[in-house]
Amino acid sequence: MSKLKPWAAGPFELIRHAEGHFKDGSDFDKRMALVSFDNAVELSITTYLQLHPSQRGGKNYERKKVEEWLTNYHKKLEFLLHFTTEQKAPIQVSLDEIVYYHSIRNELYHSGNGTVPDLQCLEGARSAAIWTFGLLFGADAELLLKQAPARSTPKPQLEDRSFSVQTEFLQSFIAFEKALRASLASIGANKQVPARLPAARAWMIFAEQVDELPSPYHDIVDRCISLRNKLIHGEVTDGSPDEFSRLTRKLDQVAEFVSSFPASRDFLDDLRAKIGDLIPDKLHSIRIVQERKRVFLEAISVVETHMVKKTIKRTDLGFIMDDDSYPDDRRLFVANKAADKNADLFLREMAYDEVLDHLPDIFST
């Protein structure tokens with residue numbers, strides 16, 4: 001095993017202990033792995049802050065500031081954020097994810113909560129522990145784990161119970177953030193910004209892509225961001241359990257909209273069932289794609305000769321007007337709904353000769 005500084009041995013032993021449970025894989029082991037990975041994050045930060053400057057590369061912090069950072073778990077995470085900024089190090093696991101894993105750990109450890117954490121949660125907590133350890137001690141925990149046998153210690157089983165409403169809210173918020181970033185990547189809206197955008201900024205960029213975003217969504221997201229910030233900083237929240245649950249359900253609805261906004265399913269088979277004779281054999285896929293407040297019909301054609309030639313064509317559907325809204329002259333296809341909804345609309349209203357005549361590049365043989 002590579003030589004570890006003596007003060008880093010304690011945090012690594014926790015990671016090593018957690019890894020043993022993680023690999024054993026029983027329900028009990030999954031619970032214990034989460035507890036130990038989370039403990040490793042906190043112990044790594046605590047140990048680092050208590051070192052002499054000579055033991056941490058000459059980095060010196062004011063005693064009063066160190067005492068403040070050591071006050072509680074959330075303050076320790078504030079130091080971790082400060083350290084990444086100071087070192088210009090990439091944040092590989094966001095603070096709200098770490099707080100989420102910590103909240104589940106607390107319910108398992110302190111409240112007798114025996115709910116089994118899923119694999120995604122365990123892998124996330126493991127990544128947080130390994131990243132934090134490597135960031136602060138400059139050691140590769142993955143390599144060290146390969147060189148040292150994992151260890152685990154049996155403990156009594158815990159009784160089953162569901163997670164708290166605060167933990168479920170954090171789970172939904174993390175899913176919302178991931179959906180937001182995936183959507184921005186899909187529509188090419190975040191090419192010039194970091195991969196881990198703050199949620200408020202990411203939401204602002206997304207809203208710029210949507211034509212007439214439903215107004216309640218802004219209030220829901222603003223409220224959720226404020227609540228999330230209080231939770232990850234350990235501040236007291238004024239929401240009742242019922243309010244948490246209602247807000248979580250609303251956030252899930254927003255996340256579903258965000259996920260399904262950029263592109264629809266491939267509906268070529270549905271279209272072929274309706275107007276099969278009008279569709280050329282070379283047409284391989286067709287779907288709705290939305291970006292920058294525009295709705296496009298995207299068609300992929302494939303021609304096989306001595307080589308396979310793939311052609312992607314997009315047609316802006318903004319030229320099609322809604323007769324029912326006359327004389328307002330409004331577009332029928334508007335990017336204020338999920339792409340799948342516009343795909344359903346196209347199938348219902350537009351699969352006729354007079355419309356397809358306006359799309360020669362796609363439907364011409």
> Using atom types as modelled and distance alone, determine if a side-chain donor or acceptor of Asn336 lies under 3.5 Å from a backbone N or O of Leu213.
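Not confirmed, Asn336 side chain does not pair with Leu213 backbone.
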> Would Lys146 and Glu142 count as a salt bridge (charged side-chain N to carboxylate O under 4.0 Å, His left out) if you check the C-alpha gap in whole Å, the side-chain angles of each, and the deciding distance to 0.1 Å?
CA-CA 7 Å; Lys146 291 177 182 178; Glu142 288 279 16; over 6 Å; no
> Using 0.5 Å steps for rounding, measure from the CG atom of Asn39 to the CG atom of Leu34.
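Those atoms lie 9.5 Å apart.
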> Just by distance, do the side chain of Gln290 and the backbone of Phe261 share a donor-acceptor pair under 3.5 Å?
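Yes, the answer is positive, given that a donor and an acceptor are paired below the 3.5 Å cut-off.
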> Please answer whether the main-chain N or O of Ala182 pairs with a side-chain N or O of Ser186 as donor and acceptor at a distance below 3.5 Å.
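Such a contact is absent between Ser186 side chain and Ala182 backbone.
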> Answer yes or no: is there a donor N or O on one side and an acceptor on the other, between the side chain of Arg56 and the main chain of Tyr48, under 3.5 Å?
yes
> Is the shortest heavy-atom distance from the side chain of Ile286 to the side chain of Ile300 under 4.5 Å?
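Not touching, per the 4.5 Å side-chain cut-off.
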> Could you please spell out the steps behind the side-chain contact (heavy atoms from CB on, under 4.5 Å) verdict for Thr311 and Lys282?
CA-CA 10 Å; Thr311 305; Lys282 66 181 180 181; over 6 Å; no
> May I ask you to say whether Glu168 pairs ionically with Arg249, meaning some side-chain N is under 4.0 Å from a carboxylate O?
no
> For Glu67, is there an ion pair with Lys64 - N to carboxylate O distance below 4.0 angstrom?
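Result for this pair is no, no salt bridge flagged.
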> Measure the CD1-CD distance between Ile174 and Gln120 for me, rounded to the nearest 0.5 Å.
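It comes to 9.0 Å.
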> Between Ile15 and Ala141, which heavy-atom pair has the shortest distance, and what is it?
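Of all heavy-atom pairs spanning Ile15 and Ala141, the closest is CD1-CB, 4.5 Å.
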> Report yes if the distance between the aromatic ring centroids of Tyr217 and Phe257 is under 6.0 Å, otherwise no.
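Close enough - the centres of the two rings lie under 6.0 Å apart.
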> Tell me whether Asp344 is salt-bridged to Arg265, with the criterion being a basic N under 4.0 Å from an acidic carboxylate O.
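Counted as a salt bridge, because a side-chain N and a carboxylate O are separated by less than 4.0 Å.
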> For the pair Ser259 (side chain) and Ala255 (backbone), establish whether a donor and an acceptor sit closer than 3.5 Å, ignoring hydrogens and angles.
yes
> Classify the angle between the aromatic ring planes of Trp69 and His82 as parallel (below 30°), tilted (30 to 60°) or perpendicular (above 60°).
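Rings of Trp69 and His82: tilted, as their planes differ by 30° to 60°.
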> Are Leu231 and Leu80 in one and the same hydrophobic cluster, where Ile, Leu, Val, Met, Phe, Trp and Tyr link if side-chain heavy atoms are under 4.5 Å apart?
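Yes, Leu231 connects to Leu80 through the hydrophobic network.
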> Does any part of the side chain of Ile220, heavy atoms only, come nearer than 4.5 Å to the side chain of Arg223, both counted from C-beta?
no
> I'd like to check Glu68 versus Glu62 (side-chain heavy atoms, cut-off strictly below 4.5 Å). Are they in contact?
no
> What's the separation between atom NE2 in His102 and atom CD1 in Ile104, rounded to the nearest 0.5 Å?
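CD1 of Ile104 is found 11.5 Å from NE2 of His102.
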> Do the ring planes of Trp203 and His218 sit parallel (below 30°), tilted (30 to 60°) or perpendicular (above 60°)?
perpendicular
> Do the non-hydrogen side-chain atoms of Tyr100 and Asp96 ever get within less than 4.5 Å of each other?
no
> With side-chain contact (heavy atoms from CB on, under 4.5 Å) as the test, pick out the partner of Phe173 among Ile225, Val221, Val99, Leu227.
Ile225
> Is a salt bridge present between Arg314 and Glu291, judged by a nitrogen-to-oxygen distance below 4.0 Å?
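Yes, Arg314 and Glu291 are salt-bridged.
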> When hydrophobic residues are tied together by side-chain contacts of less than 4.5 Å, even through go-betweens, does Leu345 share a cluster with Leu317?
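Same hydrophobic cluster.
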> CG of Leu49 to CG of Leu70: how many Å apart, nearest 0.5 Å?
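That separation rounds to 5.0 Å.
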> State whether the number of non-hydrogen atoms from other residues, nucleotides or ligands found under 6.0 Å of Glu256 atom CD is greater than 12.
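No - once you tally the heavy atoms of other residues, nucleotides and ligands closer than 6.0 Å, there are 12 at most.
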> Please check if the number of heavy atoms outside His284 that lie under 6.0 Å from its NE2 is greater than 12.
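At most 12 heavy atoms, drawn from other residues, nucleotides or ligands, come within 6.0 Å of this atom.
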> For Ala179, does its backbone N or O pair with a side-chain atom of Ser183 as donor and acceptor, under 3.5 Å?
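Looks like no, no N/O pair under 3.5 Å.
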> Spell out, as yes or no, whether a donor-acceptor pair under 3.5 Å connects the side chain of Asp140 to the backbone of Gly134.
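Answer holds: no.
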> How many angstroms lie between atom CG of Asn72 and atom CG of Leu77, to the nearest 0.5 angstrom?
9.0 Å
> Show your reasoning for whether salt bridge (charged side-chain N to carboxylate O under 4.0 Å, His left out) applies to Glu78 and Lys75.
CA-CA 5 Å; Glu78 286 182 13; Lys75 290 293 183 181; 3.7 Å; yes
> Strictly distance-based, threshold 3.5 Å: is any side-chain N or O of Gln87 a donor or acceptor partner for the main-chain N or O of Leu136?
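Side chain of Gln87 to backbone of Leu136, a donor-acceptor pair under 3.5 Å: no, none is there.
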> Please round to the nearest 0.5 Å and tell me the distance separating atom CG of Leu297 and atom CD1 of Ile320.
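Separation between the atoms: 8.5 Å.
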> Could you tell me if the ring centre of Tyr61 sits under 6.0 Å from that of Phe79?
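Tyr61 vs Phe79: aromatic centres under 6.0 Å.
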> May I ask you to test the Leu347-Leu271 pair for a side-chain heavy-atom distance under 4.5 Å?
yes
> Please check this pair: side chain of Gln209 against backbone of Arg292, looking for a donor-acceptor N/O pair closer than 3.5 Å.
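Present.
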> Salt-bridge test for Glu19 and Arg16: reply yes if a basic N is under 4.0 Å from a carboxylate O, no otherwise.
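So Glu19 does not pair with Arg16 through a salt bridge.
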> Just say parallel, tilted or perpendicular for the rings of Phe133 and Phe137, cut-offs at 30° and 60°.
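Plane angle between 30° and 60°, so tilted.
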> What is the minimum heavy-atom distance between Ala125 and Phe37, and which atoms define it?
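Nearest pair, atom of Ala125 first, then Phe37: O-CB, 3.8 Å.
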> Just so I know, are the side chains of Arg126 and Leu145 near enough to count as touching, which here means a heavy-atom distance under 4.5 Å?
yes
> Using side-chain contact (heavy atoms from CB on, under 4.5 Å) as the criterion, point out the one residue from Val35, Val116, Asp24 that pairs with Lys30.
Val116
> So which atom in Cys224 and which in Leu247 form the shortest heavy-atom distance, rounded to 0.1 Å?
SG-CG, 3.5 Å
> Are the side chains of Ile98 and Tyr73 in touch, meaning some heavy atoms are under 4.5 Å apart?
yes
